[in-house]
Amino acid sequence: MKANSRFIISMLSFGYAFLYIPLISVVIYSFNDSRLATVWGGFSTRWYGELLRNEQVTSALFLSLKVGISAATLATLFGTMAGMALARFGRFRSRNLFTGLVMSPMVMPEVITGLALLLLFVSLQQLTGWPGQRGFGTITIAHTTFSMAYVAIIVQSRLAAMDESLEEAAMDLGGRPFRVMIDITLPLIAPAMLAGWLLAFTLSLDDLVLASFVSGPGGSTLPMLIFSKVKLGVTPDINALATVIMLFVSVGVVVAWRIGLRMQRTND
Amino acid sequence: MTDQKDTPAFIEVRSLSKHFGDFVAVDSVNLQINKGELFSILGGSGCGKTTLLRMLAGFEVPTSGQIFLDGVDVTNQPPYERPVNMMFQSYAIFPHMSVEKNIAYGLQKDRLPKSEIDERVQDMLRLVQMESFASRKPGQLSGGQRQRVALARALVKNPKVLLLDEPLAALDKKLREHTQFELMNIQDKLGITFIVVTHDQEEAMILSTRIAVMENGRFEQIGRPKEVYEFPKNRFVADFIGTINMFEGVLQGVRNGKVIVASDECGSSLNVICDDPPTPGSDVCVAVRPEKIYISQNRPDNSEDTCLPGIIEDLGYFGNISLYRIRLETGKIVQVSAQNRQRTIDRTLEWDDEIFISWRPRSAVLLTK
């Protein structure tokens with residue numbers, strides 16, 4: 001028994017070490033004073049200061065946040081609409097096709113989605129003149145398309161777990177369908193929408209492939225910037241940047257998870 | 001009901017049907033319910049009772065037929081326009097609103113002045129004895145309290161009809177018995193017509209002025225609880241409501257106002273009083289309730305009664321009553337219940353005792369369908 005549990009614990013530690021040592025080393029080296037990324041030269045926070053002064057980095061960060069917030073908001077809007085249609089409109093015709101269309105961006109290889117969107121934007125530009133310059137707008141659209149699938153799934157499962165007679169009761173008491181949605185449905189799925197928003201924001205912040213395809217000159221998101229910098233060699237300021245991103249993403253994930261937990265509790 | 005024919009029906013359902021694909025949930029039913037009635041629709045699961053209730057509430061659109069309420073055709077009215085409210089089986093209390101807000105919701109949708117809303121909500125809270133819970137969230141309430149909130153919320157708009165979907169199913173036995181009488185008191189006080197859907201026959205018997213027994217989307221019988229219990233129209237109703245012993249047989253003839261039925265199942269002929277007997281030779285069924293059968297150690301000398309010898313195969317002691325399973329000479333099992341009037345430890349009747357069972361001619365029912 002004891003030997004067995006020791007084995008389990010050592011396997012567990014090995015697994016966690018494999019996952020987290022690289023991340024922890026990035027965080028540790030971000031406080032490295034040395035100019036060489038892999039040689040320890042004492043503790044310092046100067047790379048964080050340098051990051052703030054680096055205009056390339058701050059503009060990329062700003063673009064990433066802007067895209068993240070816009071894409072997450074749009075994805076929540078459309079994803080909620082899709083989720084409601086899937087959960088509440090009964091077995092309408094071509095429902096399965098609709099489900100497939102909503103969910104397909106999740107399984108489609110990003111390279112293909114990216115390529116397809118790029119081709120679309122290029123031909124749109126030739127036909128209509130829009131988008132004149134690829135950047136914020138095109139990246140936001142790309143991120144919205146693939147993250148709304150996640151929002152739709154979260155909202156749909158929340159609605160499926162919710163007692164449909166709540167909405168019927170509100171209607172029975174004199175609420176017209178639109179009022180019932182405002183009074184009952186939306187407040188009850190709000191946690192799911194928030195969780196979906198955070199997930200969409202995190203996905204947008206993470207994305208490199210789609211953004212690289214649909215962005216134009218001058219429109220570099222943070223992951224794009226890091227990727228291009230790494231090609232020239234790892235510098236300590238990238239470690240600092242990576243640490244900042246990790247912080248953002250983990251806060252987002254933890255908050256989304258907490259909301260999910262609370263949602264489950266109110267369901268029970 | 002023949003004695004209420006002169007007053008026009010408050011609720012009138014005319015050949016109402018609901019089909020789901022090939023499945024016929026409600027099959028062309030007709031129904032008249034009077035104002036102030038506490039009407040129960042009783043049936044097993046899948047008999048169509050909930051679909052019928054949902055059509056009355058407006059959640060299901062009938063495939064064909066009409067619903068009239070107080071003289072108005074409401075068949076195509078959406079639920080939010082019908083002067084009908086429903087208490088849901090799950091209670092459907094809005095989890096993000098306090099008890100007070102839940103009850104006030106319907107009045108707010110009617111855009112009533114705030115002072116009137118407050119007053120009516122307070123009245124309702126008092127009626128269901130929940131004044132001290134007004135600001136609680138539903139998550140902090142017990143099952144019985146939720147039931148009261150759901151009732152108050154459905155009653156506060158003063159609907160013409162209150163629909164109740166299995167109102168007591170979620171409560172435990174003691175609370176259910178208590179709530180039954182409370183529900184009747186409230187109905188009596190407000191004079192609102194109640195339509196209750198239930199699978200619990202005891203609940204239907206106690207609560208209702210009339211019961212409709214439903215099966216396969218149709219009404220098998222509509223009548224007062226006593227009628228349905230004592231004068232079932234057919235084998236299904238007799239068997240569904242309470243326990244009954246049924247002896248299949250062939251009608252031999254009529255003598256002195258009594259019908260004689262030859263039944264192979266009990267090995268002799270049975271006498272039943274029947275006002276409107278079918279023609280001799282037809283297949284009939286003689287049905288007797290367990291509490292109407294006497295059990296005795298000696299053959300009773302009243303020649304009018306039906307008397308059959310048997311052996312006690314099984315007996316169960318329930319405190320207030322004892323149940324016996326008697327095996328007749330033909331092998332047929334007959335259920336008999338007897339009040340335990342004497343306070344005694346010793347049993348007078350034991351397993352394998354040879355006894356006689358008997359019943360009065362008026363105690364049995366002749367069923368043709």
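Here is how names work: the chains are called A, B, and so on, in the same order as the sequence lines, proteins then strands, and each is numbered from 1. These values consider heavy atoms only, across backbone and side chains, with no hydrogens, waters or symmetry-generated copies. What you see is a predicted model; the values in this text were computed from it and never measured.
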Inset, instruction - Say whether A:T140 and A:S70, considering side chains only, have a donor N or O and an acceptor N or O under 3.5 Å apart. - result: no
Inset, instruction - Using distance alone, with no hydrogens and no angle criterion, decide if A:S165 and A:D163 have a side-chain donor and acceptor under 3.5 Å apart. - result: yes
Inset, instruction - Identify whether the distance between the nearest side-chain nitrogen and carboxylate oxygen of B:D123 and B:R126 falls below 4.0 Å. - result: yes
Can you tell which part of [X] gets under 4.5 Å to a heavy atom of chain A, answering side chain, backbone, both or neither?
X      : value
B:R54  : side chain
B:I93  : backbone
B:F59  : side chain
B:V156 : neither

Inset, instruction - Give a yes or no on whether the backbone of B:F94 and the side-chain of B:N102 come within a donor-acceptor separation of less than 3.5 Å. - result: yes
Legend entry - Which atoms of A:I184 approach chain B - backbone, side chain, both or neither, heavy atom under 4.5 Å: both
Inset, instruction - Determine the option with the most heavy-atom pairs under 4.5 angstrom with chain A, choosing from B:M97, B:Q108, B:E81, B:H96. - result: B:H96
Inset, instruction - May I ask you to decide if the ring planes of A:W197 and A:F201 are parallel, tilted or perpendicular, using 30° and 60° as cut-offs? - result: parallel
